[in-house]
Each structure stands twice: as structure tokens, then as C-alpha cells.
Amino acid sequence: MNNNTPHLVVISAPSGTGKTTLVRALLASNSNMVASVSYTTRTKRANELDGEDYNFVTNDVFESMIANGDLLEYAKVFGNHYGTPKKDVNEQLSSGHNVILEIDWQGAIQVKQKVADCLLLFILPPSKNELMSRLQKRGTDSNEQIKMRFDEALNDIKQFEHFDRVFVNQDINVTVNEILAYIEKPNLNKTRLPEDVLSIIKGFQ
Ligand code: 5GP
């Protein structure tokens with residue numbers, strides 16, 4: 001990877017796609033990648049660390065960050081506010097790192113408007129059935145929550161057209177390698193929707 005031109009890489013995926021595991025694998029891939037830590041008004045989960053998984057803040061703090069222009073993008077997801085700190089991302093890019101933003105599609109669109117040469121990646125689960133089974137396997141959500149996340153995911157999938165490249169996460173190692181190859185030479189990989197990805201998208205419609 002060319003260290004002189006670090007990339008801002010936005011990764012969006014509906015829940016149940018394996019996005020968190022995927023981002024961890026990318027960070028561990030020795031490709032000079034770091035992840036931005038977002039700010040959120042959501043309540044911290046038991047297994048999360050403040051400053052590491054998210055910066056957990058109050059609504060007042062979040063609103064003042066918006067007013068001060070501190071956020072590169074922000075959006076409301078599942079009733080909570082999330083935003084990307086502009087200064088941290090600029091510092092990470094200036095120090096030569098590729099920076100990953102793991103954010104929702106609304107935020108991805110805002111980032112593209114501000115940073116024209118960022119890369120917007122969208123990750124899909126392999127099928128509707130696999131999406132449902134992944135959501136059920138988590139074991140932490142009620143049936144009602146699973147149904148809500150499933151419907152939300154189907155809705156999110158409709159947003160694929162805003163992205164530079166769509167990947168299907170069937171096998172994590174394969175997907176990581178595909179993403180790394182794309183980031184290394186985005187201009188050579190202009191096909192946004194390879195045939196196999198297109199047919200998978202049709203299966204969700
Ligand atoms: P969770 O609360 O489950 O960690 O995340 C819920 C959703 O918020 C996910 O789709 C995640 O990608 C998105 N998200 C996390 N951080 C940000 C952010 O800074 N900006 C935006 N727009 N979405 C975010």
C-alpha cells in the first residue's frame with residue numbers, strides 16, 4: 001500500500017453482516033489501518049470501553065459538537081446520535097494512516113460530499129436466510145428486536161447505489177482480501193457491482 005496517499009475508507013453494512021469482525025480483521029491485516037472512534041449518545045453496553053469502542057457523551061455535548069463544527073458527519077441511528085470527529089480523522093490521515101470509518105449509510109453520503117476522494121464500501125450478507133440466521137445467532141435480542149433489525153437491514157440494503165463498491169461477506173478472509181485489493185488500487189477496480197453481487201442484491205428485493 002502506498003503510504004504517501006492514505007485513504008479515508010468508509011465501511012457501511014446492515015446489522016447482521018459481520019461488519020465488526022470484518023473491521024477488526026482489516027485493522028489486524030498489517031495495512032497501516034486505524035479506525036476512527038465515533039461519538040455517540042447511546043448508552044454504553046457492558047462489554048464496551050469509553051474512548052475505545054465509542055466516546056460516550058450526553059445529548060448536550062453532542063449538540064455542542066455539531067454547533068462547533070467538530071463532526072465530519074453525524075446521523076441518528078436506532079434513536080441514538082452518532083458522529084465522526086473531524087480533528088481525529090484529519091490527524092490520523094496526516095500521519096499517513098489509512099482511516100476506517102464504520103458508520104451508517106446516511107453518514108457515508110455526508111462524508112462523500114466533504115471528502116471527494118474517500119472510498120465508500122458497502123457490505124452485504126450472502127442472502128436473506130443467512131442474514132436472519134446471523135441475527136438470531138447473536139442470542140442477545142428478543143424476537144421483536146430481531147424482526148426490527150431484519151426489516152431495517154432490508155431497508156439499508158436499498159442504499160447500495162450510493163457506494164463506490166459493494167462486497168458480499170460470505171467468507172471473512174476472502175472479503176478482507178477483496179477489500180485490501182480494492183483499497184490498494186481503487187482506480188483499477190471500477191466495477192461497482194460485479195455480476196455475482198448484483199444477483200445477490202436482487203435476492204433481497
Ligand atoms: P451500534 O450502536 O450497534 O454500535 O451502531 C449502530 C449503527 O450506528 C451502526 O450501523 C454503526 O455503523 C452506526 N455508527 C456508528 N458510529 C457512527 C458514526 O460516527 N456515524 C454514523 N453516521 N453512524 C455510526
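Side chains included, hydrogens not; waters and symmetry mates left out as well; all remaining heavy atoms used. Remember, it's 1-based here, ligands and their atoms both numbered in the order they're listed.
Looking at D88 and S36, their side chains never bring a donor and an acceptor atom within 3.5 Å of each other.
Residues L121 and I179 have side chains in contact (heavy-atom distance under 4.5 Å, counting atoms from C-beta outward). Within the 4.5 Å cutoff, the side chain of K44 has no heavy atoms near those of the D53 side chain.
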(request) Report the C-alpha distance between F167 and L124 in whole Å, list the side-chain angles of each, state the deciding distance to 0.1 Å, and finish with yes or no for side-chain contact (heavy atoms from CB on, under 4.5 Å). (result) CA-CA 6 Å; F167 297 86; L124 289 177; over 6 Å; no
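Closer than 4.0 angstrom to ligand 1 by heavy atom are K19, S38, R42, R45, Y54, E73, A75, V77, Y82, G83, T84, E102, I103, D104, G107, sorted by chain and number.
In terms of heavy atoms, E130 sits closest to S127 at N-OG, 3.0 Å.
Annotation: cation-pi geometry not satisfied between R42 and F78 (NZ/CZ under 6.0 angstrom from ring centroid, within 45° of ring axis).
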